[in-house]
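Naming: A, B, ... by sequence-line order, numbering from 1 per chain.
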Number of protein chains: 2
Amino acid sequence: MSRRPVMSDVAARAGVSHQTVSRVLNGHPHVSPTTRTRVLAAIAELGYRRNLSARVLATGRSNVVGVVAQNTTLYGPSSMVQAIGEAALGADLSLTVGHVAGYDATAASRRIVERLVQQGAAGLVFIAPVDAAAEAMRLVPPGVPIVTVDGLPEWNVTNVSVDQFAGGRLATEHLLKHGHRTVWHVAGPEQWHGSRAREAGWRSALAEAGAQAPPMLRAGWSAASGYQCGRMLARIPDCTAVFAANDHVALGVMRALAEQGRRVPQDVSLIGFDDVPEAAYFHPALTTVRQEFADVGRQALRLLLDQLVAGSRTETSALVEPALVDRDTVARPPDRSGS
Amino acid sequence: MSRRPVMSDVAARAGVSHQTVSRVLNGHPHVSPTTRTRVLAAIAELGYRRNLSARVLATGRSNVVGVVAQNTTLYGPSSMVQAIGEAALGADLSLTVGHVAGYDATAASRRIVERLVQQGAAGLVFIAPVDAAAEAMRLVPPGVPIVTVDGLPEWNVTNVSVDQFAGGRLATEHLLKHGHRTVWHVAGPEQWHGSRAREAGWRSALAEAGAQAPPMLRAGWSAASGYQCGRMLARIPDCTAVFAANDHVALGVMRALAEQGRRVPQDVSLIGFDDVPEAAYFHPALTTVRQEFADVGRQALRLLLDQLVAGSRTETSALVEPALVDRDTVARPPDRSGS
DNA sequence: CGCTGAAATGTGAACGCAAACATGCGGGGT
DNA sequence: ACCCCGCATGTTTGCGTTCACATTTCAGCG
């Protein structure tokens, strides 16, 4: 018989009933040690694996949590997925990650959510830095707990994000503190909640210092788009301080600046966001605002777990504080007056 | 009733039998148009989703493929996972990704494989750039198709990888062609098959050109480790050409070189590997060997699909050719003789 | 007008497991 | 000696679906 062995095969081999096998498998009490070892031996000999579908069907419970993620090639999202994965393993949960492809995020998200729900996912984590996820979230049946990462407060679900507003302020204040009159901002894609929050933080810090906000440039998350913006900035003599959407954008800006002969940080100060591992090795080493992505992932899973045991959706939230990492790309502005 | 609706609920509502509902759901013939629309309406009204566990249990078939991946925060692995995910969505397969955490790769891989098998995965993709995966692979029951990515030929399973040996040769030859007497190599972690293959390619090209291989330095994949190696290299006046394990290592090397006042490419030529998106914006722009990760992912899924329809394991393999991307970090060696 | 057969629909079982309930067995208290 | 209780184990049922087969309906044809 080449068919995969089932519980009754094991039972027959061990000379017990299938229920005893079940008990051994689930660590139930009231199984004598000798029987247990006999059953275990039979399992090993047959190479038996229990059928999870049957188990889920019988119990009505599944310990798989679904993750809906997109842009998983980016450092942030991939770090979070990784962290969620590790945390899940620790909590004895299984993880199904749906990777939303780029072309049609809404349709793809839907399909993925549909699959996850049909699979009986016990809970869902949405890495939802853009609005596309919100719509797919509505497909989730009411009973299933949800946690969003980088979601919006008005979605009324448990959410965890880095406090990007605070991060934007931090970056801007740091530059201001060095004596820059104002700070330019190369923002990330406007669909991303994080970009908007950072922008708001930037404006807030500027306003608080009584500085006027220069026009904002719009980049993507890529070095390429940063480079484009950098070429513009390099032509603006007034521009002595730049807050970039993320580290890769900062890299692009830095490159463009260098090509135009503007030195960082002597002529222009620059600050990034994320603190990707290689940022410390840019030339010069990038001053940036660090996001603890792994921490976000862990908290997300913890909040999901809370809901799982509570048995219903709640709406607590967590904010992770970013931290400034001071390296070599921020200095005092060039002394224009020659004092 | 707050219980999730099941097929018979839909059937009752539509005034048909549960089997007719099933037929509609599965697109079977012999259902009259009017009944079909009635059933569809009932499904919509009730918000019915079919229970995938029950379906898998009944059919014995599952259309989920498992992916076992590690180091998913790295650009390469994450790109491949993403590509596999997109391809799977296109083939109407569901993907369960197990992310192996760093600390104990072997144990974690095992647990993940175990889960995937119990879940009834139809096939498995192992992103197996290190040996830890091989052991976990043995846990997979014989009937389940396997494809490895970056696996070893001696594992005797279908494998797809980038031809890293060719890549190593490509890089080395490119430097040699510019007149360098020899090429230094900062290698990646020796557990990774890719590192070893690149190293072999490097040695092969050197031997073919009659150049003597200088001692090899060992880095990780990180810019930090590249920096450490770069500090050594910067002190060696003979060293005019360096082939780095990957782009981030190259970045670290470049940084160390710059700190010691050795210019790239005037004093030292440098070549990376991978072509990460930001490599073009390093300063100077990095010459590198491009790996088409997405292509690898797609091919992996295609080969798995082939096995799925064939119904058994096969041992075909695919090799993806890397390509040299010529940018600004390679030049002729400095003219020592002063000619 | 009744017969044939295909189309449309229904019925019962099976998938592999766990939960609830049932049974047998032995030992301690009175 | 009796009963009761707790441990170890077996039996039955049901989870939600699909599959194989049974049944009904209805059109077409001799």
Side-chain angles (χ1 to χ4, degrees), chain A residues 1 3-40 42-43 46-64 94 115 117-122 141 143, chain B residues 1-40 42-43 46-64 94 115 117-122 141:
Chain A
M1 76 161 188
R3 190 180 95 270
R4 290 257 282 265
V6 300
M7 210 175 250
S8 52
D9 298 328
V10 175
R13 174 131 193 165
V16 297
S17 77
H18 66 119
Q19 177 60 322
T20 301
V21 176
S22 173
R23 274 192 268 260
V24 170
L25 243 29
N26 295 307
H28 284 187
H30 310 318
V31 176
S32 77
T34 60
T35 321
R36 155 169 281 115
T37 56
R38 266 223 314 285
V39 169
L40 255 20
I43 289 177
L46 261 35
Y48 167 76
R49 331 291 255 265
R50 76 169 137 208
N51 181 323
L52 226 45
S53 296
R55 180 188 165 88
V56 169
L57 183 58
T59 59
R61 284 172 271 116
S62 91
N63 54 355
V64 350
S94 174
R115 264 264 161 60
V117 168
Q118 289 185 7
Q119 241 172 63
Chain B
M1 76 156 188
S2 65
R3 190 180 95 272
R4 287 258 282 268
V6 300
M7 211 173 250
S8 53
D9 297 328
V10 175
R13 174 130 192 166
V16 298
S17 77
H18 63 119
Q19 176 61 329
T20 301
V21 177
S22 171
R23 275 192 268 258
V24 170
L25 244 30
N26 295 309
H28 283 188
H30 309 318
V31 177
S32 78
T34 60
T35 329
R36 156 169 280 114
T37 56
R38 267 223 314 285
V39 169
L40 255 19
I43 288 177
L46 260 35
Y48 166 77
R49 330 292 253 267
R50 79 168 135 209
N51 181 324
L52 226 45
S53 295
R55 180 185 163 86
V56 169
L57 183 58
T59 59
R61 282 172 273 113
S62 91
N63 54 354
V64 350
S94 174
R115 265 261 162 60
V117 168
Q118 289 185 8
Q119 240 172 65

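- Within 4.0 Å (heavy atoms only), B:V56 reaches no atom of the nucleic acid at all.
- Below the 3.5 angstrom threshold, one finds no donor paired with an acceptor across the side chain of A:R49 and the base of C:dG16.
- Of the side-chain N and O atoms in B:S22, none sit less than 4.0 angstrom from OP1 or OP2 of D:dC19.
- If you find the closest nucleotide of DNA chain D to A:T35 and to B:S8, the one lying nearer the 5' end belongs to A:T35.
- At a threshold of 4.0 angstrom between heavy atoms, the contacts of A:T59 are confined to the sugar-phosphate backbone, with no base atom among them.
- For the OP1/OP2 pair of D:dC7 and a distance below 4.0 Å, the side-chain nitrogens and oxygens of A:S32 include no atom meeting the criterion.
- Among the protein residues, B:V31 comes within range of the sugar-phosphate backbone only, with heavy atoms under 4.0 Å from sugar or phosphate atoms but none that close to a base.
- When distances are taken from the side chain of B:R61 to each of D:dT9, D:dT17, D:dC19, the shortest belongs to D:dC19.
- Taking 4.0 angstrom as the limit, B:S53 places none of its side-chain polar atoms (N or O) nearer than this to OP1 or OP2 of D:dG16.
- A straight line from CZ of B:R55 to P of D:dC19 spans 8 Å, rounded to a whole angstrom.
- With rounding to whole Å, A:L57 atom CG is found 18 Å from D:dT13 atom P.
- In summary, the side chains of A:N26 and A:R55 do present a donor paired with an acceptor at a separation below 3.5 Å, with no hydrogens or angles considered.
- Side-chain contact between A:N51 and B:Q119 is absent, with no heavy atoms from C-beta onward closer than 4.5 Å.
- Listed nucleotides: D:dG16, C:dA7, C:dG10. Nearest to the side chain of B:A58: D:dG16.
- Between D:dC15 and B:N51, no contact under 4.0 Å exists linking OP1 or OP2 to a side-chain N or O.
- Looking at heavy-atom distances under 4.0 Å, A:R50 makes contact with sugar-phosphate atoms alone, never a base.
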